[in-house]
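Single-structure report; data block below.
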Amino acid sequence: MTERKPPGVDFESWVDKQIRDADARGEFDRLPGVGKPLPSDVESTYDELWWVKRKMAREGLSVLPPTLALRKEAEDALTAALDAPTEGAARRIVEEINVKIRDVMFKPPPGPPLGKKPYDVDEVVRQWRERRAER
């Protein structure tokens with residue numbers, strides 16, 4: 001499509017003709033993504049930082065304040081401990097997150113308060129044992 005629009009021809013009709021000709025030649029038949037739905041972000045409103053957000057999501061980065069990120073990590077760690085394959089793994093997960101929670105408790109970072117205290121390892125292991133017994 002290197003030809004130029006002829007003078008005196010309406011731009012819209014010239015573009016439509018180019019599209020019809022390409023379609024007739026089958027140039028649209030094997031495009032990547034043919035037959036697949038459009039990405040969900042196509043329907044959303046325009047965001048100037050769309051590419052930054054997509055890159056951060058792809059890289060697994062977070063923009064949460066440190067305490068909120070730790071709160072989420074603590075909740076995920078508790079879930080992981082309760083689903084751990086062994087009691088030792090459950091203890092290790094809880095002890096590792098407790099170190100981080102205690103660190104934030106004694107050296108608060110900027111941002112909202114953590115609102116978490118270290119987990120009782122024995123209590124989590126007791127819950128882990130109960131869940132294993134139910135299966």
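Source: prediction; values computed, not measured. Index from 1, following the sequence.
Of the charged side-chain nitrogens involved, none lies within less than 4.0 Å of a carboxylate oxygen, so that R71 and E75 do not count as a salt-bridged pair.
For the side chain to side chain donor-acceptor pair (under 3.5 Å) test, residues two or more places apart in sequence or in another chain that qualify with E123 are R126, Q127. Residues meeting the side chain to side chain donor-acceptor pair (under 3.5 Å) test with D23, sequence neighbours left out: none. Applying the side chain to side chain donor-acceptor pair (under 3.5 Å) rule to E134 yields no partners; only residues at least two apart in sequence or on another chain are considered. Annotation: side-chain contact (heavy atoms from CB on, under 4.5 Å) contacts of D83 (sequence neighbours excluded): T79, R131, R135.
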Fill in: Worked check of side chain to side chain contact (heavy atoms under 4.5 Å, CB included) between R91 and T86
CA-CA 9 Å; R91 283 183 181 277; T86 65; over 6 Å; no
Review point. Do R20 and D16 pass the salt bridge (charged side-chain N to carboxylate O under 4.0 Å, His left out) test, and can you show the C-alpha distance, the side-chain angles, and the key distance before you say yes or no?
Key: CA-CA 6 Å; R20 277 193 311 275; D16 289 338; 5.1 Å; no
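When all heavy atoms are compared, the tightest approach of L70 to K100 is CD2-O, 3.7 Å. Annotation for P85 and R132: closest pair CA-NH2, 3.2 Å, computed over non-hydrogen atoms. Here the closest heavy-atom approach between residue A90 and residue A84 is recorded as N-CB, 3.7 Å. Between K116 and I101 the shortest heavy-atom distance is O-CG2, 4.0 Å.
Note on I93: it does not cluster hydrophobically with V104, by side-chain heavy-atom contacts below 4.5 Å among ILVMFWY residues. With hydrophobic clusters built from ILVMFWY side chains whose heavy atoms lie under 4.5 angstrom apart, V99 does not share a cluster with Y119.
Residues in residues 31-40 take part in no salt bridge (charged side-chain N to carboxylate O under 4.0 Å, His left out) pair, two or more places apart or across chains.
Listed for the W128 side chain is no donor-acceptor partner under 3.5 Å among the backbone atoms of E87. Of the possible donor and acceptor atoms, none in the side chain of N98 sits under 3.5 Å from a partner among the backbone N and O of P118.
The NZ atom of K55 sits 8.5 Å away from the CG atom of L61 when rounded to the nearest 0.5 Å. Atom OG1 of T67 sits about 12.5 Å away from atom CD of E73, to the nearest 0.5 Å. How far CZ of R92 is from CD1 of I97: 13.0 Å, rounded to the nearest 0.5 Å.
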Which pairs of donor and acceptor atoms, one on a side chain in residues 26-35, lie under 3.5 Å apart (sequence neighbours left out)?
from	atom 1	to	atom 2	distance (Å)
E27	OE2	R25	NE	2.6
E27	OE2	R25	NH2	3.0

